[in-house]
Amino acid sequence: MKEEEINVFVNGVVHYFETMAVVPAEVSSPYLIDGLTGSIMEYTGVIGITGEYQGNVLFTAPVEMMAKLLALYDNQEASVGALLDLVGEIANTFSGNVREEFGADFQISPPLVAHGSPKEVRTAEGLQTYCIPILWLGMRANLIVALR
Amino acid sequence: MRITIKKYYGLIAATVLLLVCTLGLVASRGAFEPSIVLRGYAPLAVFLIVIALVALIAQLLTHTLRVEASLASNNAEINHILASANEGLFLINKDFEIGRQKSARVKEIFGDGVDVSGNFFHLLHHVSPQTEIKLAREYVELLMAGRVKQQLMRDINPMQEVPIEVTQPNGGTVQKFLHIDFTRDESEHIDPKQPRALVSITDITREIQLRGELEQTKEQQQERLDLLLSVVNVNADELDAFFNETKENLVEINSVLAQEGAEHQDNVEKLASIATMVHRLKGDASALGLDFFESAFDHFEESVSLVKRNMYIDGRDMMALTVQLKEIINEVEMVKTITPQLRSVGTSQLKAVETEISSIPDRLLQVAQRAAENAGKHVDLSCTGFEVLADRPELARKMDAMAIQLVRNAVVHGIEAPVDRLDQNKSPLAMIRVNLAKEEARYKMSVLDDGRGLDFDRIRAKVAAQLGMDEKQAEKLDRGKLLHYIFQPGFTSLDEATVDGGRGVGLSLVRDEANNLGGRIAVKSSPGKYCQFAVTIPLAKES
Amino acid sequence: MVVDDSQVICRQIEAVLSKQDFDVVSTAADGVLALRDFRMLKPDLVTMDLTMPRLDGIQTIKQMMIIHPGVRILVVSAVKDKATALRALRLGAYGFLCKPFTRFELAEAVDVLISDLGKT
């Protein structure tokens with residue numbers, strides 16, 4: 001998988017923050033992770049991908065960031081349900097961006113959401129998964145690209 | 001032209017004579033009481049002065065003529081060189097002004113429309129605007145300054161591949177590539193304050209094209225094969241160490257990427273420490289001859305410097321590095337997994353070669369002893385050094401074959417019968433030493449025996465007999481000629497052929513084989529003491 | 001004296017120099033270590049990498065030329081950047097050898113480097 005292709009996902013997230021949040025997000029340098037342990041935060045949205053590449057792309061964020069983001073949507077109560085809903089929304093939004101870029105070959109499933117570690121996601125052994133930190137207002141979310 | 005006393009001794013003699021005679025004349029006419037003897041010599045002195053003057057003038061004249069002749073012939077030579085040289089040649093001075101003399105090729109290289117004169121760098125900029133003139137000029141300045149060794153600057157000559165646009169007679173333009181080389185003029189008469197350099201320009205357009213084509217094919221097909229082969233050639237422990245260190249370093253690079261900080265400056269720092277690590281990895285791979293990994297790290301290094309060029313470095317710019325890091329990690333893992341299998345194939349072959357080589361001393365000893373037995377002689381043989389050919393099984397076989405011939409030759413011709421040896425106070429057990437050594441640019445095999453040495457009288461007699469020469473003609477054959485004959489097919493100094501010698505093919509075979517391998521054979525000998533044949537074979541070019 | 005951040009390279013250079021009857025008085029993995037030893041030992045000959053942690057080759061050469069201007073420095077580096085290599089030579093290095101190199105090339109370069117001196 002090429003850097004441009006992975007950056008399509010990153011741009012999706014950046015675009016989301018640009019549009020929704022007043023302060024833009026910053027992208028830190030991507031690195032490799034072995035499995036998801038340690039990289040998953042409280043709220044995670046997962047999209048599944050089939051086609052030329054197969055696997056998952058995850059957006060995972062801490063509760064504080066989710067609460068701040070939720071606050072941008074007028075008068076929402078920061079319940080677990082609402083936060084899960086939002087993280088699904090974020091995943092949904094940037095997966096839409098991705099579809100635009102990759103075209104029809106790229107099959108993207110509707111997002112799954114998880115509070116805690118998502119059980120459905122399996123990644124290859126070794127340093128095979130990309131983790132891209134997204135920094136916003138001093139908080140950090142991760143975009144995780146686990147595709148083969 | 002250097003002045004030597006020898007060349008001028010005529011001139012000096014004439015001048016000395018002139019001085020002596022003049023002094024004599026002055027003395028004889030001087031104010032003090034002239035002696036009769038001296039006065040009587042005055043006409044003679046005048047006569048001698050005239051002779052000396054004539055001699056002096058003649059000397060000066062011939063000298064002038066000689067100098068002119070040699071200048072004329074020098075000029076003719078220079079003109080010939082300039083007309084026929086394959087390179088574009090001219091001199092530049094310290095202000096980079098191009099000299100008047102240019103080789104014919106210069107015009108061809110730059111095309112008719114370009115005036116090759118004036119400042120060299122103006123010309124260079126004119127024909128190749130994309131070349132960095134500042135760098136090129138710094139290089140030439142450094143070269144002219146003379147401190148840096150010019151042989152050790154060639155690699156960083158920034159003008160090794162200069163692209164130029166050449167206007168053709170029909171008005172179109174073609175791109176050419178030039179290799180421009182500079183050599184500081186180190187002749188003695190050059191004033192160090194006025195240095196000059198010879199510029200030699202080669203048109204390498206065709207080479208560049210070929211290289212491009214070759215590289216493409218090579219990259220596509222050979223890369224993996226090279227990788228596999230290079231891995232087999234590296235010592236197992238070193239390779240394991242390399243894989244482990246590389247893996248550690250790659251993990252380290254990953255943790256640098258994982259460090260906090262998304263600002264431009266954070267990334268600049270991350271890049272700096274990654275660059276250092278990648279550079280070291282590249283060096284290690286290159287030191288072990290692992291071309292594949294070397295080029296992978298080279299590529300990585302290049303990506304790092306590409307990312308560095310961004311005005312503002314964002315995490316997304318760094319993505320290229322992470323992707324490459326993953327690829328390299330996978331390559332290392334892949335090679336690590338398949339190496340044991342590759343190695344088992346490789347080592348079984350190596351083992352076979354090793355056994356074959358390790359049996360060479362035994363076989364040579366057998367050959368020597370059998371030949372000695374047949375001739376009623378006693379011989380001991382030592383053989384060392386063949387293991388340097390462990391990586392060249394084919395050559396090992398050929399060297400072995402040559403050694404067998406030379407050992408036989410030593411037993412049959414070199415070594416005396418035990419009785420004769422006792423007569424000369426030598427041990428009846430003769431010694432033969434076979435040694436093979438790898439020297440800087442060649443293999444050298446020597447076969448030394450402590451026998452009678454070459455018997456030139458006997459060889460001369462044989463040569464004369466075989467060529468039907470009479471005694472007088474035979475006496476004219478010097479040792480060099482005779483040595484030449486002993487390597488000719490059909491020559492033998494033995495009267496009767498045996499299994500082991502006397503057919504006159506042994507030495508000629510060895511010489512032919514040595515020649516086939518690009519090497520030569522030489523012989524040293526001292527009568528009654530020893531005879532040594534030495535075969536030298538150049539190392540084949542290292543791939 | 002051999003300055004290079006790779007142990008593999010240091011060992012290789014050391015082996016070649018010892019064969020040529022040089023005493024390798026020190027090997028250093030970066031410019032800081034190199035300068036520390038250089039002050040004490042004042043070696044005649046230094047092989048110098050350019051890309052190193054802490055203090056790079058260019059800075060190290062600069063310092064060395066101040067401490068002991070008579071030193072002969074051979075830059076041994078894979079830098080493709082000719083401007084940097086030229087800079088090293090302008091600062092006082094006597095020659096440049098491009099990595100990767102064979103033992104023979106290194107030996108030859110060292111010979112050239114000291115061609116106008118008596119070997120020590």
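Numbers restart at 1 for each chain; the letters A, B, ... are given by sequence-line order, proteins then strands.
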> Hey, can you tell me if B:Phe243 and B:Phe293 have their rings parallel, tilted or perpendicular (30° and 60° cut-offs)?
perpendicular
> Is chain B contacted by the side chain of A:Leu32, its backbone, both, or neither, given a heavy-atom distance below 4.5 Å?
both
> With a 4.5 angstrom heavy-atom cut-off, which part of B:Glu333 approaches chain A: side chain, backbone, both or neither?
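Contact with chain A is absent: no heavy atom of B:Glu333 under 4.5 Å.
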> Kindly check if the number of other-residue, nucleotide or ligand heavy atoms within 6.0 Å of CD (B:Gln175) is above 12?
yes
> A:Ile144 and side-chain contact (heavy atoms from CB on, under 4.5 Å): which single residue from A:Thr44, A:Leu36, A:Val57 fits?
A:Leu36
> Is the number of heavy atoms from other residues, nucleotides or ligands within 6.0 Å of NZ (B:Lys336) greater than 12?
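Counting other residues, nucleotides and ligands, NZ of B:Lys336 exceeds 12 neighbours.
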> Using heavy-atom distances under 4.5 Å, tell me whether A:Leu127 contacts chain B through its side chain, its backbone, both, or neither.
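Interface part for A:Leu127: both.
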> For B:Asn267, is it the side chain, the backbone, both, or neither that has a heavy atom closer than 4.5 Å to a heavy atom of chain A?
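Interface part for B:Asn267: side chain.
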> Sort B:Asp266 into side chain, backbone, both or neither according to what part of it lies under 4.5 angstrom from a heavy atom of chain A.
neither
> I need the residue from B:Ile253, B:Leu257, B:Asp314 with the largest number of non-hydrogen atom pairs under 4.5 Å to chain A.
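Winner by heavy-atom pair count: B:Leu257.
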> Counting heavy atoms not belonging to B:His179, are there more than 12 under 6.0 Å from its NE2?
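More than 12 within 6.0 Å, yes.
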> Looking only at heavy atoms and a cut-off of under 4.5 Å, which of B:Met318, B:Gln324, B:Lys326, B:Glu260 has the most pairs with chain A?
B:Lys326
> Answer yes or no: does atom NZ of B:Lys134 have more than 12 heavy-atom neighbours from other residues, nucleotides or ligands under 6.0 Å?
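No, because the 6.0 Å sphere around NZ of B:Lys134 holds 12 heavy atoms or fewer from other groups.
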> Name the region of A:Glu4, side chain, backbone, both or neither, that has any atom closer than 4.5 Å to a heavy atom of chain B.
neither
